[in-house]
Amino acid sequence: MGPGVTGLVKDMIGKPPTLDDGRPGGFYIPRFRNLKDKQPGFVRGYGFEGGGGFSIFPGNAFGTAGFGANFKKDVRDHAGAFIGMGGFGEVLARYENYMDLDPEEKDAWGIPTLRFHYQFGDNEKKMCEDMVVAGREMFEQAGIEVVGTDDKMLTEGWSIHELGTARMGNDPKTSVVNQFQQSHDVKNLFVVDGSTHVSASCQNPTWTIMALAWRSCEYLAGEFKKGNL
Amino acid sequence: MTVTRREMLAATAATAAALAAPLAAPEAAQAAEAATVVPKFFTAPEFALVDELAELIIPADAQSPGARVAGVATYIDFRLAESLDTDQQAKWHSGLAAVETLSQELHGKAFLQGTPEQRLAVLTKMAAGEKDPKTPAEHFFQQLKGWTVRAYYTSKVGIHADQHYKGNVYQRGDFAGYDAK
């Protein structure tokens, strides 16, 4: 969602380079907030995704001050010694968030274009503030020197898994599909993708999409055999 | 500029020579570079200036050749020749002119006419406002350094000779990663 921390692992400074590309070098910290504790500022939680190590290009060169022999040695000594992670939080369902068809703007084929009405709410903002605090605390506790924090939230829709808009629910008045992703209005229409998700959870959604699609297809096959569809 | 193995060996030898005789060797290397490259975007004096500035930013040392052997000026020249960004192109001309103006102010002579100490003084002045650039020369330093970094560390010299990049090879035996214990 934007906020994250960058740290320097002092123990790695000046160490000979190792092959860190092309191996599983990233790390994932699953959600830890509002499981046993209760946060005053927000509900639900977020995970951290991060990585470190040597790569083909020493990105630290851009942030290293000065020039000349010292600069060059500094870049070399610190390459691979940095670690970074960013927060991935749940975006709650907000009534005000929706999409519709533009009444005027049409694409090259004369089809109305989509309009997105989407904003983060107060819960997301509070959660993002906590990402910076918690991320910094984790690095400091691990003995990693925090060299940068980013507390800006990304623009809505920047970091995205396409979820929502055809939400799942029991009430046809407030939802588009039922628990089997079957349209309330059109019984032989099933929407088996992420658009039925009610909120964008803090995890990547693909496995949930697959699991729901599996369940919906099983239901669809059963109903079809019974002659209900 | 593609660096052949032969050129790499020659460059390494030149680096060793440069360390032994710091005054003579860089000038020889510079003369060799200037003689072989016909710039596509810069004028010949501009190209020589970029070549020298880049080498001052990332010089040769005991580990690896510097920006000159890595072909940094040639890379920047090629990028700008191919660029459709006329603002960017204009910034390079005006930035290099700002370096000359600063050199005239400080020492009353063109940058490349200055002694190594005088050249260093000009670049040091340009780099003084790195975090918060104000003068044209300070703004140009950011631009020059950013492009030099990008060019050098994506070159064969930067990737292999300087950074000892281990990628694009088969990893045999035990994983050779660093053990934090």
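Owing to the predicted nature of the structure, the values given are computational and were not obtained by experimental measurement. Chain letters run A, B, ... following the sequence lines, proteins first and then strands; every chain starts at 1. Atom set for the values below is all heavy atoms of this structure, side chains included, hydrogens, waters and symmetry mates excluded.
The environment of A:Gln119 atom CD is sparse: at most 12 non-hydrogen atoms of other residues, nucleotides or ligands sit within 6.0 angstrom. No more than 12 heavy atoms of other residues, nucleotides or ligands sit less than 6.0 Å from atom NZ of A:Lys10. Taking a 6.0 Å sphere around CZ of A:Arg31, one finds it holds more than 12 heavy atoms contributed by other residues, nucleotides or ligands. More than 12 heavy-atom neighbours from other residues, nucleotides or ligands sit within 6.0 angstrom of CE on A:Met99. The number of heavy-atom neighbours closer than 6.0 Å to NZ of A:Lys152, taken from other residues, nucleotides and ligands shown, is 12 or below.
With a 4.5 angstrom heavy-atom cutoff, A:Phe54 does not touch chain B via any of its atoms. Looking at B:Gln163, both its backbone and its side chain come within 4.5 Å of chain A, counting heavy atoms on both sides. With a 4.5 angstrom heavy-atom cutoff, B:Thr124 touches chain A via backbone and side-chain atoms both.
Distance check: A:Leu19 CG to B:Tyr165 OH gives 6.5 Å after rounding to the nearest 0.5 Å. Going from atom OH of B:Tyr152 over to atom CZ of A:Phe57 covers 12.0 Å, rounded to the nearest 0.5 Å. Rounded to the nearest 0.5 angstrom, A:Arg76 CZ and B:His164 NE2 are separated by 8.0 Å.
A side-chain contact (heavy atoms from CB on, under 4.5 Å) with A:Phe67 holds for exactly one of B:Ile58, B:Leu53, B:Leu120; it is B:Leu120.
Heavy-atom pairs under 4.5 Å with chain B were tallied for A:Ala65, A:Ala69, A:Ala79; the largest tally goes to A:Ala65. Top candidate by heavy-atom pairs under 4.5 Å with chain A, chosen from B:Thr148, B:Leu56, B:Leu123, is B:Leu123.
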query = Could you go step by step and tell me if A:Ile56 and B:Tyr153 meet the side-chain contact (heavy atoms from CB on, under 4.5 Å) rule?
reply = CA-CA 8 Å; A:Ile56 194 166; B:Tyr153 291 107; over 6 Å; no
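Side chain of A:Lys72 to main chain of B:Ser64: a donor-acceptor pair is present (N/O by atom type, distance under 3.5 Å, no hydrogens or angles). In this structure, B:Lys145 contributes its side chain and A:Gly66 its backbone to a donor-acceptor pair below 3.5 Å.
Applying the salt bridge (charged side-chain N to carboxylate O under 4.0 Å, His left out) test to residues at least two apart or on different chains, the pairs with a partner in residues 81-104 of chain A are A:Arg44-A:Glu90, A:Arg94-A:Glu96, A:Asp100-A:Arg115.
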